[in-house]
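Everything on this sheet refers to the single structure shown next.
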Protein chains: 2
Amino acid sequence: MDAPKLTTSLELVRWIGWAQMRAGEDWVRERELSHAQSFVLGYLVQKPGASQRDIAEVSRTSAASVSSLLQGLERRELVERRSEDGNERTKRVYATVAGAELIAGFEAAMAAVDETILAPLDESERAALHALLTKITGQLAQPTR
Amino acid sequence: MDAPKLTTSLELVRWIGWAQMRAGEDWVRERELSHAQSFVLGYLVQKPGASQRDIAEVSRTSAASVSSLLQGLERRELVERRSEDGNERTKRVYATVAGAELIAGFEAAMAAVDETILAPLDESERAALHALLTKITGQLAQPTR
DNA sequence: CGTTGACAGTTAGACCTCTAACGATTAGGG
DNA sequence: CCCTAATCGTTAGAGGTCTAACTGTCAACG
């Protein structure tokens, strides 16, 4: 999706964010992962043992989608589900070694994309941009971790 | 989708862009439009008479999706398709008055969201942000119009 | 205890988007 | 002219996400 006019700052933000997303999606596509799957896998690397409930909340998707999405990841042995703590109702989900390695590759690719996008700015400009963006995001609802 | 850590500038950009998109999606959802439909309708308001080919290219979606997407918009009388210029192969698409009104409401809503997001910045900060973002986007592939 | 209500996860069915294959129309070169 | 190739749009089938309804588990309270 292109931004239509690119006049206001936030149209520019939309455009940049979209360019990032497209690059990331290209990367995961080549590995036959969906955007949602890569996000969930990334979350599991940072939060091993998260419940499906947690995953649904953080990725702002439905519990039903998480269920089928994890089925796919489990089939490819990127993820494991177990019941623990004598709790048969909740399932804890863990990324496997293969899953963690995949995510490491993804994050490296995204960092490279970010570097490309920021290339036109020098150090002081980057610092200024970061300060302005931080000021904006401070006002928005914080992400859940 | 939340951004995971929010440390780098581009993670912040992702986060802001995502907040915008979510707000926009809420708005169109209430009107029973998909994100893709609202985008296409918006494009048609700016480019009356675009071909389906054009629409697919600009919205970076498949011609097949455009086809069924326009069927939905046509059923709701937000859009019209006609063949013109003695050309029976290409169909030209136009937003109806109702369609244009819907988009006007959408854009007003998005402008309000943007204002809320930018609220923490004063005039000079906004100018600085705009300059930095322009410098970045100048390097990226320009949108197709 | 036993019942009732809340909670975690799965399944069923609808919708939307995609890729691939297909008609139909147009343009261009012998 | 006509044959070929390219272009525009549609249809068919697969895959993914959503909502709603369901099963199974836990907790609380009489």
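All chains are named by letter (A, B, ...) in the order of the sequence lines, taking the proteins before the strands, and each is independently numbered beginning at 1. Excluded from the calculations below are hydrogen atoms, water molecules and symmetry mates; all remaining heavy atoms, backbone and side chain alike, are included. Note that the coordinates shown come from a computational prediction; the quantities given were computed from them, not determined experimentally.
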Note to self: If the threshold is 4.0 Å, N to carboxylate O, is there a salt bridge linking B/Arg82 and B/Glu80?
What the structure shows: yes
Notebook entry, point to check: Is it true that A/Arg126 and A/Glu115 have a side-chain N and a carboxylate O under 4.0 angstrom from each other?
Noted result: yes
Exam field: side chain [X] to backbone [Y], donor-acceptor pair closer than 3.5 Å:
X	Y	answer
A/Ser67	A/Ala63	no
B/Gln20	B/Val113	no
B/Ser38	B/His35	yes
A/Gln37	A/Ser34	yes

Next item on the list: For B/Phe106 and B/Leu41, run side-chain contact (heavy atoms from CB on, under 4.5 Å): C-alpha distance rounded to whole Å, both residues' side-chain angles, the deciding distance at 0.1 Å, then the answer.
Entry: CA-CA 11 Å; B/Phe106 174 69; B/Leu41 195 49; over 6 Å; no
Margin query: At under 4.0 Å between heavy atoms, how does the protein contact nucleotides 1-8 of chain D? Give one character per nucleotide, 5' to 3', with B, S or -.
Written below: -----BBS
Margin query: On the nucleotide D/dT17, are OP1 or OP2 found under 4.0 Å from the side-chain N or O atoms that A/Arg60 carries?
Written below: no
Grab the [atom1]-[atom2] distance between [X] and [N] for me, whole Å please.
X	N	atom1	atom2	value
A/Glu32	D/dA14	CD	C1'	14 Å
B/His35	D/dC18	NE2	C1'	17 Å
B/Leu33	D/dC18	CG	P	18 Å

Check: Within a radius of less than 6.0 Å around CD of A/Glu74, do more than 12 heavy atoms belonging to other residues, nucleotides or ligands occur?
Finding: yes
Notebook entry, point to check: Got more than 12 heavy atoms from elsewhere within 6.0 Å of CD, B/Glu84?
Noted result: yes
Check: So what does A/Arg81 touch, heavy atoms closer than 4.0 Å: a base, only the sugar-phosphate, or nothing?
Finding: sugar-phosphate
Notebook entry, point to check: Along DNA chain C, 5' to 3', what are the outermost nucleotides having an atom less than 4.0 Å from a heavy atom of chain B?
Noted result: C/dT17 to C/dT26
Item checked: Nearest listed nucleotide, side chain of A/Ser65, among D/dT11, D/dT19, D/dT17 -> D/dT17
Checklist line | Interface residues of residues 67-75 of chain B with DNA chain D (non-hydrogen, below 4.0 angstrom) | finding: B/Ser67, B/Gln71
Margin query: Judged by each residue's nearest nucleotide on DNA chain D, which is more toward the 5′ side, B/Ala63 or A/Gln37?
Written below: B/Ala63
Next item on the list: Quickly, which of A/Glu57, A/Arg81, A/Lys91 forms a side-chain hydrogen bond (donor to acceptor under 3.5 Å, both in side chains) with A/Gln52? Name it, please.
Entry: A/Arg81
Check: Looking at B/Trp27, is B/Arg31 sitting on its ring face, NZ or CZ under 6.0 Å from the six-membered ring centre and within 45 degrees of the normal?
Finding: yes
